Amino acid sequence: MIGIINYGAGNIFSLTAALDRVGLAYGMINKAEEIDLYDRIIIPGVGHAGAAMQKLQESGLVPSIKKLRKPVLGICVGMQLLTAFSEEGNAEMMQLFPLKTLHFNSSLAGKVPHMGWNSVSISADNPLFANIEDQTYFYFVHSYYIEFDAGYTAAQCDYGVPFSAAIAKDNFFGVQFHPEKSGKAGEQLLLNFSTIQID
């Protein structure tokens, strides 16, 4: 069963609606001891990364998340929380990936936020993207992006600059787009996450 980290900064309704559509069972995690009730974890997030990190710290869940060995998926701001540092609020994140979250330069990227459907280049043989074709379109809404690093990038997108549309390291995964708003491809990704096994 999937546990959703409920720390006051996630778009919970859209996510749970998507999980309902694909028949995946879930529950809410409000305190650290509830993490053990679930075999995989989703960290949602919308809005400001610095504020989201502060809320997550206040929840007392950060040490438990960092120690997890079960599959973890961060979505949008939830993905950015996995990085080392975000320019949004100039704040340290959970430092699970040695990557920075940076602000789009509007002179390069055009209109900020980057909003709408964009294709992604699936750059790694990653179980998160099983049965999803390269260059599939997903739905994005963000003003900050995670720098591209071939060592951690599972899927790449371009909006004036190349950036990580998805990252992966051990049992931790992150997607910048919103699978819950990305139609059948997003639903397939959530189903894939529900079956990922960590050695």
Side-chain angles (χ1 to χ4, degrees), residues 4-5 9-19 21-22 42-53 72-89 91 93 96-97 99-124 126-150 152-169 172-193:
I4 300 171
I5 300 290
N11 187 13
I12 301 292
F13 177 76
S14 294
L15 176 58
T16 56
L19 295 173
R21 286 197 303 273
V22 296
I42 292 179
I43 307 171
V46 293
H48 189 282
M53 186 64 198
V72 178
L73 174 65
I75 296 175
C76 195
V77 169
M79 170 184 174
Q80 296 174 4
L81 293 173
L82 304 177
T83 66
F85 176 83
S86 176
E87 288 186 345
E88 188 172 27
M93 301 286 105
L96 289 159
F97 289 79
L99 303 171
K100 292 180 181 178
T101 298
L102 308 172
H103 189 260
F104 278 120
N105 182 337
S106 59
S107 66
L108 296 174
K111 188 175 180 181
V112 177
H114 171 217
M115 184 183 307
W117 296 85
N118 210 320
S119 62
V120 304
S121 301
I122 299 170
S123 55
N126 190 289
L128 205 57
F129 289 93
N131 301 308
I132 297 174
E133 292 185 5
D134 189 30
Q135 302 302 319
T136 291
Y137 279 76
F138 290 91
Y139 188 77
F140 291 82
V141 184
H142 61 123
S143 299
Y144 290 79
Y145 66 94
I146 294 176
E147 60 185 335
F148 175 82
D149 184 308
Y152 301 102
T153 299
Q156 177 184 342
C157 193
D158 194 287
Y159 192 63
V161 292
F163 68 89
S164 295
I167 54 176
K169 176 190 173 191
F172 289 95
F173 304 85
V175 291
Q176 183 61 68
F177 50 80
H178 288 273
E180 74 277 13
K181 296 181 179 179
S182 295
K184 292 298 181 185
E187 291 174 359
Q188 181 64 56
L189 187 140
L190 291 171
L191 286 168
N192 290 344
F193 177 68

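Remember, it's a predicted structure, so these values are computed and weren't measured experimentally.
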Answer yes or no: does atom NZ of Lys169 have more than 12 heavy-atom neighbours from other residues, nucleotides or ligands under 6.0 Å? yes
Heavy atoms of Ala165 and Phe140 approach each other most closely as CB-CZ, 4.1 Å
Which heavy-atom pair separates Ala49 from Gln80 by the least distance, and what is that distance? CB-OE1, 3.8 Å
According to the interplanar angle, ranging from 0 to 90°, do the rings of Tyr152 and Phe97 count as parallel (below 30°), tilted (30 to 60°) or perpendicular (above 60°)? perpendicular
Drop me the distance from [X]'s [atom1] to [Y]'s [atom2], to the nearest 0.5 angstrom.
X      : Y      : atom1 : atom2 : answer
His178 : Leu15  : NE2   : CG    : 10.5 Å
Met53  : Leu81  : CE    : CG    : 6.5 Å
Ser86  : Leu99  : OG    : CG    : 12.0 Å
Ile5   : Leu73  : CD1   : CG    : 11.5 Å
Leu82  : Ile167 : CG    : CD1   : 5.5 Å
Phe163 : His142 : CZ    : NE2   : 4.0 Å

With side-chain contact (heavy atoms from CB on, under 4.5 Å) as the test, pick out the partner of Cys76 among Gln176, Glu180, Lys181. Gln176
Pair Phe138, Val175 - check side-chain contact (heavy atoms from CB on, under 4.5 Å), show working. CA-CA 10 Å; Phe138 290 91; Val175 291; over 6 Å; no
In chain order, what residues pass the side-chain hydrogen bond (donor to acceptor under 3.5 Å, both in side chains) check against Gln188, with sequence neighbours excluded? Asn192
Would you please name every residue forming a side-chain hydrogen bond (donor to acceptor under 3.5 Å, both in side chains) with Ser164, sequence neighbours left out? Thr153
Below 6.0 angstrom between ring centroids: does that apply to Tyr139 and Phe177? no
Output, in order, the C-alpha distance, side-chain angles, deciding distance and verdict of side-chain contact (heavy atoms from CB on, under 4.5 Å) for Val77 and Val46. CA-CA 5 Å; Val77 169; Val46 293; 5.5 Å; no
Test side-chain contact (heavy atoms from CB on, under 4.5 Å) on Phe104 and Tyr159 and set out the steps. CA-CA 8 Å; Phe104 278 120; Tyr159 192 63; 4.0 Å; yes
Take Glu147 and Thr83 through the side-chain contact (heavy atoms from CB on, under 4.5 Å) test and state the conclusion after the steps. CA-CA 10 Å; Glu147 60 185 335; Thr83 66; over 6 Å; no
Could you list the donor-acceptor pairs under 3.5 angstrom formed between side-chain atoms of residues 127-137 and any protein atom two or more places apart in sequence or on another chain?
unit_1 : atom_1 : unit_2 : atom_2 : d
Asp134 : OD1    : Ile122 : N      : 2.7
Gln135 : OE1    : Ser119 : OG     : 3.3
Gln135 : NE2    : Ser121 : OG     : 2.9
Thr136 : OG1    : Glu133 : O      : 2.5

Any side-chain heavy atom of Leu19 within less than 4.5 Å of one from Ile4? yes
